[in-house]
A.B. asks: 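One structure coming up, written as structure tokens, with questions to follow.
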Number of protein chains: 2
Amino acid sequence: MSRNNAGLSTDRIITEALRIIDGQGLRRLTMRRLGDALEVEAMAIYHHFPLGKEQLFDAIVAYISDVFRRPAGEDEQEDPPGEDGEEAGDAEEAPDPRPWDERLRTWALDYRRALLDHAQALPLFIHRRPDTEAALRTRELHYAAFTEAGLSGADVVQAAAVLDSYVTGAVIHEVRADGLPAQHPAVPDGRFPHASALRGVELDPEHRFTRGLDSLLDSLRP
Amino acid sequence: MSRNNAGLSTDRIITEALRIIDGQGLRRLTMRRLGDALEVEAMAIYHHFPLGKEQLFDAIVAYISDVFRRPAGEDEQEDPPGEDGEEAGDAEEAPDPRPWDERLRTWALDYRRALLDHAQALPLFIHRRPDTEAALRTRELHYAAFTEAGLSGADVVQAAAVLDSYVTGAVIHEVRADGLPAQHPAVPDGRFPHASALRGVELDPEHRFTRGLDSLLDSLRP
DNA sequence: ACCTGAACACCGTTCAAGT
DNA sequence: ACCTGAACACCGTTCAAGT
């Protein structure tokens, strides 16, 4: 009856936790419910995340942020740093041949999609540092692109910060507009002539996003 | 001993809740602790926020978002809608005579400051609609400014969305960079030449913010 | 190594009761 | 109207124990 190896793994725990978050909301992710979903006692999770829920949250943010995740099935283990730079089967990453702005556009759309797909997890991002390896790959992509664009030094860092800010902010702007209105939403009246006149003007969110992105990339050119 | 009027008010509750959030973090704001801080039983709070903690969170977000809050002491009561448009003492708002871009710059800096001052409360913003009266005032300010800049129709709405996205995102970018690093932060190595080369390049956050803001406002001009 | 079961110190919220 | 006190159904996490 009582199995003592339920095939639990950090990956399975993260995936299941994310399913609960996406389906029921962040507040309904509890260790006990997660245990139920994994068909395991809640306390079993602590064997894989000894630091508890906070560590699980860290892993969830890292998981979502890893937009360029390799397909499931590959090993997630960190391999010990070897003298030789290459591991067998660890294929050399083919450099993206497209111009810098197209690469950034693709990244922005992919990242936006990843955040929107897990919008319920967004509150977890705010107070977690982006110092995972996935974040590092993103930074490298940004810096390489803006360097190719003709920027250098602090201007590159600045441009990357603006781009990242825009994408994050645009997703939040989009998410905040969804959801059910407050019990007594304020409605524009005569005191707010511009807001009244433009009430109901709505653009397709993705179109709005890419338009804003384009004008922003233009402004970041040297 | 047992008083039955402790002078509780929504404003006092919100202020005290915010003090706990700012000082100890969002997760440590509990009804019981908040009751203690107010020198009242936790259940007394429910008399002022019948819908419980979620309603309190709504009020906290509205409070922080109200950057142009009138000084404390004035009545917060909603007065019944009167036939006459003006109340005695409800001074007509003097229109800001400065050009549109300066008005937007001031707004952006004020809003950034308000968010940074209560960074611990930021997770509460993500899933709450900006349909308070304070949000409406902000929208009016944005729309009026971008109209004055020469935009019209959907372009105005688009520009306001981009501006709001940037400010929110920039604050989050700034907040995420603070805080203590993860237990095993990823460090750029040979695989990330640009990230390695630009490591340690840091700009003053406010300067970075205004620089990004300026280039963004430039790009939003017609 | 991996999981269970009981226990502890908390939570948010309801409800009847006090003044 | 405004607040209290007890109670209920949960939480996260610990610890010793099982296999």
Side-chain angles (χ1 to χ4, degrees), chain A residues 1-18 20-21 23-61 75-78 120-121 123-124 127-128 183, chain B residues 1-18 20-21 23-61 75-78 120-121 123-124 127-128 183:
Chain A
M1 187 62 64
S2 67
R3 295 177 303 166
N4 72 346
N5 191 328
L8 226 44
S9 70
T10 60
D11 239 59
R12 208 161 82 77
I13 294 171
I14 294 169
T15 308
E16 201 61 44
L18 214 34
I20 293 174
I21 292 174
Q24 315 187 36
L26 192 54
R27 296 200 34 197
R28 290 192 48 87
L29 175 70
T30 69
M31 299 305 263
R32 283 169 164 94
R33 239 190 296 268
L34 181 53
D36 277 354
L38 294 162
E39 295 184 279
V40 111
E41 292 300 313
M43 293 67 203
I45 299 163
Y46 286 83
H47 192 265
H48 299 266
F49 293 95
L51 274 46
K53 208 177 183 185
E54 216 61 23
Q55 189 183 13
L56 175 57
F57 283 156
D58 290 347
I60 290 170
V61 170
D75 205 15
E76 277 277 340
Q77 305 270 65
E78 297 181 35
Q120 300 279 17
L124 299 178
H127 292 288
R128 269 160 245 271
Q183 52 276 47
Chain B
M1 188 61 67
S2 67
R3 296 176 304 166
N4 72 345
N5 191 327
L8 227 44
S9 70
T10 61
D11 238 59
R12 208 160 82 76
I13 294 172
I14 293 169
T15 307
E16 201 61 44
L18 214 34
I20 293 175
I21 291 174
Q24 310 184 239
L26 193 54
R27 296 200 33 198
R28 290 193 49 88
L29 176 69
T30 70
M31 300 304 263
R32 284 170 163 95
R33 237 190 296 270
L34 181 53
D36 277 353
L38 294 162
E39 294 184 280
V40 112
E41 292 300 311
M43 293 69 203
I45 300 164
Y46 287 83
H47 193 266
H48 299 265
F49 293 94
L51 275 46
K53 209 178 182 184
E54 216 61 22
Q55 190 183 12
L56 175 57
F57 283 155
D58 291 347
I60 290 170
V61 170
D75 205 15
E76 278 276 341
Q77 306 269 64
E78 297 182 35
Q120 300 278 18
L124 299 178
H127 292 287
R128 268 159 243 269
Q183 53 275 48

A.B. asks: What is the separation between atom CD on A:E41 and atom C1' on C:dC3, rounded to the nearest whole Å?
C.D. replies: 9 Å
A.B. asks: Flag the pair B:E54 / A:R27 as yes when at least one side-chain heavy-atom distance between them is below 4.5 Å, and no otherwise.
C.D. replies: yes
A.B. asks: Between B:I45 (CD1) and D:dC2 (C1'), how many Å, whole number?
C.D. replies: 13 Å
A.B. asks: Only pairs with both distances under 3.5 Å count, Watson-Crick or wobble alike; so what is the partner of C:dT14 in this structure?
C.D. replies: D:dA6
A.B. asks: Assign B:M31 to base, sugar-phosphate, or nothing according to its heavy-atom contacts below 4.0 angstrom with the strands shown.
C.D. replies: sugar-phosphate
A.B. asks: Name the residue closer to the 5' end of DNA chain C, choosing between A:R32 and B:L29 according to the nucleotide with the nearest heavy atom.
C.D. replies: A:R32
A.B. asks: Suppose we define a pair by two distances each less than 3.5 Å, Watson-Crick or G-U wobble; what does C:dA1 pair with here?
C.D. replies: D:dT19
A.B. asks: Calculate the interatomic distance between B:L34 atom CG and C:dT13 atom P; express it in whole Å.
C.D. replies: 12 Å
A.B. asks: Regarding B:G7, tell me which of base, sugar-phosphate or nothing describes its non-hydrogen contacts under 4.0 Å with the strands shown.
C.D. replies: sugar-phosphate
A.B. asks: Which nucleotide wins on minimum distance to the side chain of A:H48, given the candidates D:dG12, C:dT4, C:dC3?
C.D. replies: C:dC3
A.B. asks: Just how far, in rounded Å, is P of D:dG12 from CG of A:L51?
C.D. replies: 16 Å
A.B. asks: A side-chain contact here means heavy atoms from C-beta on lying under 4.5 Å apart; do A:L56 and A:L34 qualify?
C.D. replies: yes
A.B. asks: So how far is it from B:Q120 CD to A:H127 NE2, rounded to the nearest 0.5 Å?
C.D. replies: 5.0 Å
A.B. asks: Rounded to whole Å, please give me the gap between CZ in B:R28 and P in C:dG12.
C.D. replies: 12 Å
A.B. asks: With a non-hydrogen cut-off below 4.0 angstrom, is A:R33 in contact with a base, only sugar-phosphate, or nothing?
C.D. replies: sugar-phosphate
A.B. asks: Return the value, rounded to whole Å, for the distance between atom CD of A:Q55 and atom C1' of D:dT13.
C.D. replies: 14 Å
A.B. asks: Any idea which of C:dG5, C:dT13, D:dC3 is nearest the B:A44 side chain?
C.D. replies: D:dC3
A.B. asks: What is the distance, to the nearest angstrom, from the NE2 atom on A:H47 to the P atom on D:dT14?
C.D. replies: 14 Å
A.B. asks: Over how many whole Å does the gap from A:L56 atom CG to D:dG12 atom P extend?
C.D. replies: 10 Å
A.B. asks: Looking only at side-chain atoms of B:V40, point me to the closest of D:dC11, C:dT14, D:dC3.
C.D. replies: D:dC3
A.B. asks: What distance do A:E16 atom CD and A:E39 atom CD have between them, rounded to the nearest 0.5 Å?
C.D. replies: 9.0 Å
A.B. asks: What distance separates B:D36 CG from B:I20 CD1, expressed to the nearest 0.5 Å?
C.D. replies: 8.5 Å
